[in-house]
Each structure stands twice: as structure tokens, then as C-alpha cells.
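Notes for the one structure printed next.
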Amino acid sequence: EAQVTQNPRYLITVTGKKLTVTCSQNMNHEYMSWYRQDPGLGLRQIYYSMNVEVTDKGDVPEGYKVSRKEKRNFPLILESPSPNQTSLYFCASSLLPLTSGSEQYFGPGTRLTVT
Amino acid sequence: LAKTTQPISMDSYEGQEVNITCSHNNIATNDYITWYQQFPSQGPRFIIQGYKTKVTNEVASLFIPADRKSSTLSLPRVSLSDTAVYYCLVNSMDSNYQLIWGAGTKLIIKP
């Protein structure tokens, strides 16, 4: 089954404790993105990747890091989480560039709480 | 830079056709319009994508007028399972590329 998986699905952590949210897709897609979703603010792109070792900032990259060492995986790293990073996070992948309006496949989401 | 505006919520009844309109007044020539559906506790799911005129697939139609300043997602004969939040997205090439998401329209279908 074609899918995007994320782990963990739920995470409660404390300020300053480094964490990684993993994302994996089995569709051989080149393009992958991370979003955060907050009430009233909708979806905002954090980072995206066009291929292995090629990443770029989205709208809200501050406080986040990503890496793309393999095509299927695109982890999101919070080196020093803060309470304002409490949010619902989604990973997504697509076969074609997003500029073409390409269909994105989203993961199930990771709900992060930073206290 | 394109900005997307859509109604916060809408109600309808089973079997009716539902039209959700998204306004994107500053859409640029090369921008595409995409619509997604999201159920609680799930990631958004692609519905349809278009550039101009009308696009139809097995679940929805997308109408885009000639000036492209708005788009309308049409859901034929809705059922209770169509209750969800619907997002309009403009894939903008302006400002070195941005994704302009609408805030979402919460659609509630009543029996």
C-alpha cells in the first residue's frame, strides 16, 4: 500500500530536549515536505526537499532542521524545542514538483506538545 | 502574492450538490489551484487540481473562471461521509515559490 508514515504519532516533551520526528514514504517520490498545522493558521510549510541531499526552507523554518540522506526518509529535527513549537506536524511527498500543482500524499500527523 | 480566502464553514444535506468557493485575487499566470480534504486526526487528502476552465474527476469538479481570481470546488450528491474540512491551495511561483493555503472550510452534511 502506497503510504507516508510518521513516528511518533504523539509526543510530549520538555523545553530544550532534542527530538526527531521520522517520515518515510514507499512511493519512490522525489519531493517531500514538512508542515505544521495550527488552529486559525492552517497549514504552513516548514521545509521541503527536491531530492536526496537537496532541501530548502519553507515559510516557517526557524527552530527546525531536516535531512534527506535517502530518498524515502525525511526526518524533522527540533534541536531545542520550545512551547511555541507545540503543533500538529505533517509530512508529505509528491511525485512531481509542487509548482505543478502535483498531488501531495500526507502522513497521519504527529501531535507534539512542548512543556 | 496570492492570498486565498474561503468560507469558514458551510452546511448542507445528503444528496445535495455542494459548492465551495475560494478567492485568490492576486493569482499569477503560472499558479496552479489544488483542493484537499481533511478528516479529523488524518492528514489532508488530494481531491482535484486545475489551472483554468473546468476539471472533473470521479469525486469532484473544479470550476475556474477566465480571470482565475476564484475557483469553486463542486461536490455532487454529498453524503454524511463528506463532512470534513476542505482546503484551497495556490501553488505560487511568485516570491521565489510559495504554497498559499486557505484557512479551510468546515463542511457539515446533515441527514
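With no hydrogens or angles considered, no side-chain donor-acceptor pair links B/Ser23 and B/Ser70 at under 3.5 Å.
In this structure, the separation between CG on A/Leu19 and CG on A/Leu112 is 5.5 Å, given to the nearest 0.5 Å.
Cation-pi geometry between A/Arg68 and A/Tyr48 is not satisfied (NZ or CZ under 6.0 Å from the ring centre, within 45° of the ring normal).
Heavy-atom distances place the side chain of A/Tyr35, and not its backbone, under 4.5 Å from chain B. If you measure heavy-atom distances from A/Gln6 to chain B, you find no contacts under 4.5 Å at all. In this structure, chain A has no heavy atom under 4.5 Å from any part of B/Tyr51. Residue contact with chain A, scored on non-hydrogen atoms closer than 4.5 Å, involves the side chain of B/Gln49 exclusively. The part of A/Arg9 that comes within reach of chain B is its side chain, from C-beta onward, which places non-hydrogen atoms under 4.5 angstrom from that chain. The contact between B/Leu89 and chain A is made entirely by side chain atoms (from C-beta outward), counting heavy-atom distances below 4.5 Å.
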- Evaluate the criterion side chain to side chain contact (heavy atoms under 4.5 Å, CB included) for residue pair A/Trp34 and A/Cys23; output intermediate values, then yes/no. CA-CA 9 Å; A/Trp34 274 103; A/Cys23 172; 3.5 Å; yes

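A/Gln104 approaches A/Ala92 most closely through the heavy-atom pair OE1-CB, 3.8 Å. Between B/Ile20 and B/Trp35, the shortest heavy-atom distance links the atoms O-CH2, 3.6 Å.
Options A/Pro108, A/Gly107, A/Gly109, A/Ser100 differ in how many heavy-atom pairs under 4.5 Å they form with chain B, and the most are formed by A/Ser100.
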